[in-house]
Colleague: 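My structure is below; once you've seen it, I'll send some questions.
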Amino acid sequence: MPFTLANTWEQRKLKNFGESYSGLSGKTKDDFGIGNSKFITYKNIFDNEMISESQMEKVLINSSEKQNKVNIGDAFFTISSETPNEVGMSSVLNFKHENLYLNSFSFGFRTNINIDNYFLANSFRSEYFRNNIVKLAQGISRYNISKNKVLNLSIKIPDFCEQTKVGLIFKSINKSIAANEFKHLFDVIYINYKNLRLFLKITFFVKR
């Protein structure tokens, strides 16, 4: 069955379709590497567009603690880095996991709309969004970003049906071509919707 596409993508600020939350707080080094809970590390976010289950680590969480659990579909942003170009790296959780938490040097973002995880992950890693993130970096020896300023950034969002089509394409492409080629392709498509229609038409015989 051929794909059909909508004509517009809506530009929306993050704060208008989700909210942020903080990572672990009040922990000491003795709490890590033990316990029945796990947490998403800074490196896991930095290295992966989609969180890797094999890179998660153990953390001890007591029943009396009030910590924010992460959910499937949540996105995560690193808060600081040694260079401005590496600040605000993002990743999205695409699987369910009980008692899962976030490291202290990142913040979480939970949407309040239905959005495809692969579409969201690649929107946040696109050159368009990354360029805007880098502009927020502040510091000298180490660079940081403001969570509130990140929430004021925007991405373009089509309807959910179209998101899944786009997300499926990028999921497939990501498995078959080099990462730098994949990112370039997404950036071209993301910035110019007509390129998406042309790409889908050539690849999947999209209706005009």
Side-chain angles (χ1 to χ4, degrees), residues 12-35 37-61 65-95 97 99-111 115 117-118 120-155 179-180 182-183 186-187 190:
R12 299 185 67 173
K13 290 184 177 182
L14 273 64
K15 67 180 182 181
N16 292 334
F17 67 93
E19 58 183 17
S20 64
Y21 61 88
S22 58
L24 291 167
S25 61
K27 308 305 290 181
T28 69
K29 63 179 181 179
D30 295 331
D31 294 321
F32 295 95
I34 60 174
S37 300
K38 289 192 174 181
F39 75 101
I40 296 170
T41 66
Y42 178 104
K43 192 173 188 302
N44 198 338
I45 299 170
F46 189 91
D47 289 346
N48 305 295
E49 290 179 352
M50 309 299 288
I51 292 297
S52 169
E53 190 167 8
S54 63
Q55 287 184 244
M56 298 191 307
E57 297 184 7
K58 291 182 177 181
V59 62
L60 178 63
I61 305 292
E65 290 186 61
K66 292 184 179 180
Q67 303 283 0
N68 293 316
K69 289 186 178 181
V70 307
N71 292 338
I72 183 172
D74 288 357
F76 315 103
F77 294 90
T78 59
I79 296 173
S80 64
S81 179
E82 292 181 354
T83 65
N85 290 334
E86 294 182 342
V87 75
M89 295 299 289
S90 60
S91 188
V92 172
L93 182 65
N94 197 43
F95 54 85
H97 195 288
N99 299 320
L100 183 60
Y101 301 86
L102 179 64
N103 75 84
S104 304
F105 305 102
S106 305
F107 71 87
F109 175 74
R110 183 168 298 157
T111 68
I115 191 164
N117 292 342
Y118 284 93
L120 188 65
N122 286 286
S123 293
F124 289 156
R125 287 263 181 158
S126 69
E127 183 176 355
Y128 168 82
F129 192 81
R130 288 293 309 147
N131 285 342
N132 288 327
I133 281 278
V134 170
K135 293 176 183 177
L136 301 180
Q138 295 182 332
I140 300 176
S141 60
R142 191 165 185 86
Y143 295 84
N144 300 280
I145 55 170
S146 163
K147 179 171 58 177
N148 290 333
K149 289 184 178 180
V150 173
L151 295 179
N152 272 316
L153 297 180
S154 302
I155 63 172
N180 62 328
F182 171 73
K183 292 314 303 170
F186 181 82
D187 294 331
Y190 183 82

Colleague: Do side-chain atoms of Asn103 reach the backbone of Ser106 as a donor and acceptor pair under 3.5 angstrom?
Modeller: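 Yes; judged by distance alone, with no hydrogens or angles, the pair exists.
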Colleague: Run the side chain to side chain donor-acceptor pair (under 3.5 Å) test on Asn48 and Asn44 for me, step by step, so that the C-alpha distance in whole Å, both residues' side-chain angles and the decisive distance to 0.1 Å come before the verdict.
Modeller: CA-CA 6 Å; Asn48 305 295; Asn44 198 338; 3.0 Å; yes
Colleague: Take Leu100 and Leu93 through the test side chain to side chain contact (heavy atoms under 4.5 Å, CB included) and record every step on the way to the result.
Modeller: CA-CA 11 Å; Leu100 183 60; Leu93 182 65; 3.9 Å; yes
Colleague: Quick check on Phe17: does its CZ atom have over 12 non-hydrogen neighbours (other residues, nucleotides or ligands) under 6.0 Å away?
Modeller: yes
Colleague: Do Asn99 and Lys38 have side-chain atoms, one donor and one acceptor, less than 3.5 Å apart?
Modeller: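 Distance-only check fails for Asn99 and Lys38.
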Colleague: Indicate yes or no: does Glu65 engage Lys27 in a salt bridge with an N to O separation below 4.0 Å.
Modeller: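 So Glu65 pairs with Lys27 through a salt bridge.
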Colleague: What do you reckon, is CD of Gln55 surrounded by more than 12 foreign heavy atoms closer than 6.0 Å?
Modeller: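 It does: Gln55 CD has more than 12 such atoms within range.
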Colleague: Is the gap between the ring centers of Phe124 and Phe77 under 6.0 Å?
Modeller: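 Yes, close enough.
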Colleague: Once rounded to the nearest 0.5 Å, what's the spacing between atom CG of Asn85 and atom OH of Tyr143?
Modeller: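 Output value for this atom pair is 9.5 Å.
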Colleague: Begin from the C-alpha positions of Lys58 and Phe32 and carry the test side chain to side chain contact (heavy atoms under 4.5 Å, CB included) through to its verdict.
Modeller: CA-CA 6 Å; Lys58 291 182 177 181; Phe32 295 95; over 6 Å; no
Colleague: Step by step, work out the side chain to side chain contact (heavy atoms under 4.5 Å, CB included) result for Tyr42 and Ile79.
Modeller: CA-CA 9 Å; Tyr42 178 104; Ile79 296 173; over 6 Å; no
Colleague: Mind running side chain to side chain contact (heavy atoms under 4.5 Å, CB included) on Arg125 and Ser90 for me, showing each step along the way?
Modeller: CA-CA 7 Å; Arg125 287 263 181 158; Ser90 60; 3.8 Å; yes
